Amino acid sequence: IKGLKKITISDNSNCFACGSINSCGLQMQFYSHEQSVISWLSVPNHLCGWDNLIHGVVISTILDEIMSWSAIYLLKKIILTKSMTIDFMKPIYVGTKLKAVGMVSKQISEREALMEGFLYNEAEEICAKSRGTYVLFETKVAKKMVGLNFMIFLLSSLNLRGLGSGFRVQRFWVLNSDICHLRAAS
């Protein structure tokens, strides 16, 4: 896509939102022009709610994912979703071509950033929008987390430049929140 850089995600990711090998998921792909992160997608029929509407939890997942990737990519930090609010503005139907856009609204401190996410339909109308507060972790703090045993499911991984060689970011999904930490790459 002209003028946009594709954000590379691990090919073996089974993440519901961005996993390329998860046949039941959204298989979101991400692009950036260094101001925001963008994803074009269409929600498959098996994720419909009532009357072919996309269920609110799927819309929430899309918005959390676009804000998360925006924080990870644009701020070059390991992140944790602290809170998010969503406004559902227009109905969205399965099979509709959608565009999700995420951006940094404000870096509140070294440890927190306010993110924004928008979900547009084919007519470029905003159908849903969100704001989220994300906890930011420095590499050295994330390295200290390596020994912690989180009781959560691994859903995706990526190699993120700028965090130091020999480490991989690992994302986990827990009650619609992302917990990221570093571990030695194998």
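This is a predicted model, so every value here is computed, not measured.
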Q: Could you tell me whether the side chain of Asn121 and the main chain of Ala123 form a donor-acceptor pair under 3.5 Å?
A: yes
Q | Flag, side chain of Ser42 to backbone of Gly95, donor-acceptor distance under 3.5 Å | A | yes
Q. Is it the case that one hydrophobic cluster holds both Leu80 and Leu114, taking links as side-chain heavy atoms less than 4.5 Å apart, direct or via other members?
A. no
(Q) Determine whether a donor-acceptor pair (N or O, by modelled atom type, separation under 3.5 Å) exists between the side chain of His33 and the backbone of Gly3. (A) no
Q | Verify same cluster id: Ile126, Tyr93 (apolar side-chain graph, 4.5 Å) | A | no
Q: Identify whether Phe118 and Met89 are in the same connected component of the hydrophobic contact network (ILVMFWY, side-chain heavy atoms under 4.5 Å).
A: yes
Q: Please report the C-alpha distance between Ile66 and Val37 in whole Å, then the side-chain angles of each, then the deciding distance to 0.1 Å, and finally whether the side chain to side chain contact (heavy atoms under 4.5 Å, CB included) criterion is met.
A: CA-CA 7 Å; Ile66 199 70; Val37 171; 3.9 Å; yes
Q) Is a donor on one side and an acceptor on the other found under 3.5 Å between the side chain of Gln29 and the backbone of Trp40? A) no
Q: Could you give me the CA-CA distance, side-chain angles and deciding distance for Val104 and Met115, then say whether side chain to side chain contact (heavy atoms under 4.5 Å, CB included) is met?
A: CA-CA 5 Å; Val104 179; Met115 306 299 296; 3.7 Å; yes
(Q) Taking the side chain as everything from C-beta on, heavy atoms only, tell me whether Trp69 gets closer than 4.5 Å to Ser39. (A) no
Q. Would Cys15 and Glu65 count as a side chain to side chain contact (heavy atoms under 4.5 Å, CB included) if you check the C-alpha gap in whole Å, the side-chain angles of each, and the deciding distance to 0.1 Å?
A. CA-CA 10 Å; Cys15 175; Glu65 194 76 2; 3.9 Å; yes
Q: Look at the side-chain heavy atoms of Ile, Leu, Val, Met, Phe, Trp and Tyr, link any pair under 4.5 Å apart, and say whether Ile86 and Ile54 land in one connected group.
A: yes
Q. Should Lys5 and Glu34 count as an ion pair when the cut-off is N to O under 4.0 Å?
A. no
Q. So if you build clusters from Ile, Leu, Val, Met, Phe, Trp, Tyr with side-chain heavy-atom gaps below 4.5 Å, do Leu47 and Val57 land together?
A. yes
Q: Find the distance between CD (Glu116) and CE (Met67) and round it off to the nearest 0.5 Å.
A: 9.5 Å
Q.
Please evaluate residues Ser60 and Phe88 with respect to the criterion side chain to side chain contact (heavy atoms under 4.5 Å, CB included), reporting the C-alpha separation (whole Å), side-chain torsions for both, the decisive distance (0.1 Å), and the verdict.
A. CA-CA 9 Å; Ser60 302; Phe88 301 95; 3.8 Å; yes
